[in-house]
Amino acid sequence: AGAAADPLRSLPSLAEKHLVLLRDGRTLIGFLRSIDQFANLVLHQTVERIHVGAKYGDIPRGIFVVRGENVVLLGEIDLEKESDTPLQQVSIEEILEQQRLEQQAKHESERLKVQALKERGLAVPRADTLDEY
Amino acid sequence: QSLEDCRLDEDEDAFQALGEEDEDIDQFNDDTFGSGAVDDDWQEAHERLAELEDKPAAASEQDGAGGDDADLLGDHEDTLAERLTRLVIESELEDPAIMQAVQTRTSAQPGGLNSSIWDSSAVLRRIRGPLLTQEMPPVSVLDYALPQRAPQNREEERDPSERALPRRSSSPVIGSPPVRAVPIGTPPKQAVVPNFNQQILCPKPVHIRATMQQRYPAPYGERMSPNQLCNVPNSSLLGHPFPHSVSPVLSHLQRAQLLGGAQAGRMSPSQFARVSGLVGSPLPSVNPKLLQGRVGQMMSPASGFRAFFGAPPAPPPSQPQHPPGPGCHLQSLRPQTQMFRPDTTHLHPQHRRLLHQRQQQNRSQQRGLNGSVGDRGGHRGSHQEQMRKDPYANLMLQREKDWVSKIQMMQLQSTDPYLDDYYYQNYFQKLEKLSAAEEVQGDGPKKERTKLITPQVAKLEHTYKPVQFEGSLGKLTVSSVNNPRKMIDAVVTSRGEDDETKEKQVRDKRRQTLVTIEKTYSLLLDVEDYERRYLLSLEGERPALVGERKQKICDMYDNLRGKAPRQERPSDDHFVQIMCIRKGKRLVARILPFLSPEQAADVLMATARNLPFLIKKDAQDEVLPCLLRPFSHVLYHLPLGTVTSLVQQLTNLPQSATAPAPTNLHLAAVLQNKFGLSLLYLVLSRGEELQSSEANAELLQDNPWTELMLLATRELLRVPQVALAKPVSPPSNLLSLFSRYVDQQKLNALETKL
């Protein structure tokens, strides 16, 4: 017997905007132009979207070729629902600044944690070096 | 002077060529020995030429600061013409083709060069011309850019250029496939616009260097080959942030027209900037829209085109070149009724529906916006529209998409999906049952649950035959995945008991228990699966299946209780060990339904006997409550005698003489644990049921049950309330149970405790 009907896991329609989440945590939005069996992607007019809190900022990046192993997920963006978001778009500078502050705060709390553990003579938990997220 | 004579005609024949050569030789002689050497200094001539080269660059830089395009271009073209003529005279180019090209350009110069290539505003005007007419020929945007529709000098200019340029299909471009009649990017259902190719293949301008041609692929929607697309000048794309992605579009088109001759590079960047400057300001206004996708599927190149034609929402007033009718142009460009239905059979039904819905919405939107536009003619229009909307949409051929889909589907092939993909299959079965149930009850719109239909591959039994070579001496074996070569001789040796330390023994014992659990689990899974297999099997096989199942159940029980075929079964040790492990407890819970009543009762007794110990061990896992349900099921089948002994076990009553009263640790432990208490209640309630259901008078008398109850109630009274755990579900008939044995006062006390 052969395949009976349409595969669910078909290729996404290659004319819609897509959102890609990468393993390093980046979010890319662009038009998916090409895909292959390893999930290598070619994204056109890509924009890297940085989210900090309820704000986000877009950095235009151009054409992206992503190696499949770094893709976490890929989804189509519903253009109608896209504008329907509680998130607020800000300028690139602002979002980068926000991100920097957030990183700073995180480092600070991490440092304090490590210090506290050390004081109590406990071991410092080590992150797995292969997958950070 | 002699060189001027060698102006080549169109129909050049060998004779003339020979004549030229003679003249060349004369010239050489002249230069070396004659007047040329004396009067005419080649060095000076060269310097003059060099000056001339610098001059237009300088001129353009100076004028680039302010001023009109028209003037600048006019200057530029004059100097170019001059330079060209001088080049012809001074150079010693021998290539007839090149010479020809140069000649024809210079000859065409007065008319063609002026108006067509160098005058960008004229270009634009010409572009706009056809657009404003109602009748729009179904051609691509590029055709607008390449001013061919325009009358006059087009014709004469085109001929020489075409003659000068070898046709695309025959030019030895390395790596590019031969040009197809059908543009590759066309979706299969589309008829092809035939004149497309030629126009794109032979982009307008005459250029000498063959290499330049690489830079004029049909960029948008007409994909010649991946190579060519790569050849799109990346220098302009690189380093350009997103908003400027439009300008490469321009540069292409501009360059396609503006480039003339070998001096292509002379067009300074500022020239381009000026020419493309007209879209400089619209860009920011266009850009925010690009990502927000407000205009349906509007894509940047498409909007870039619109911008190119100067049709942004807010046309900057300062630009003189700005076409006067942006609005109407936009409308005429706006996608018409979409006749084109792309091939979506490979998509999931829900996906396809969504897609079509969206398309319909877009269509209706556009119709609303653009009432004046009528039906622009079937397939061509829709292809056009698709191109306009998103020229990059067909970068992947349908064939390629299918190929990737096929690979993904191949990965799903399986001969036994139930085995390979158990959870997925089960999940969907459950869903289907749910929806079937809903359907039976309800009326409401059935939510369509289409599932992926994975390719079914017939189960083929292959017996693998290793490859044998003919004519070889002996049997040569080639090791492969199906026929692996033995690499290691691994011998299993069991260790002697004496060598081990206590720790090791303990560890081994635990390991042993784990192994037993695993084995029993496999048996359990098989047994649970029998029903399905039974349904699938043939009639003759069924008895065998049943027998197998029985055997497995027995094995499981043996595993649980520990095989001790010779003796009685005095030790619960094995069982207790299993019960100490979390997985073991769950295993027991799952096995219980399959056991016979006696076997199940046995298990229950063993549990009850060792309950405090088990409770202690379960402190961390807290898995014991999972046993409650199967235990209650078992209880329903038990006779009173068993129940009595169960209670005995649970409460450890009557206590042996050695145990100090009033402490009953066993009972205390049981009562303090949720599971223990619940179990006790269950058992008690069962006993009560049995008691009340049987009408024998003798039960009231000399009955172990009654005695036990008396004792039990006494104990319960004694236990402080705080020590009691919360049962899972307090059984309802306990009160009536107790009411038989105690008086009212105590009953109330008991009640509060419960």
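Note that the coordinates shown come from a computational prediction; the quantities given were computed from them, not determined experimentally.
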Chemist: Which pair of heavy atoms, one from I35(A) and one from M396(B), lies closest together, and at what distance?
Modeler: O-CE, 3.0 Å
Chemist: Nearest 0.5 Å, please: how far is CD1 in I407(B) from CZ in F38(A)?
Modeler: 7.0 Å
Chemist: For Y418(B), give me all partners under ring pair (Phe, Tyr, Trp, His ring centres under 6.0 Å), at least two apart in sequence or on another chain.
Modeler: Y422(B)
Chemist: Roughly how far, to the nearest 0.5 Å, is the CD atom of E400(B) from the CG atom of D36(A)?
Modeler: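 Here the rounded value is 10.5 Å.
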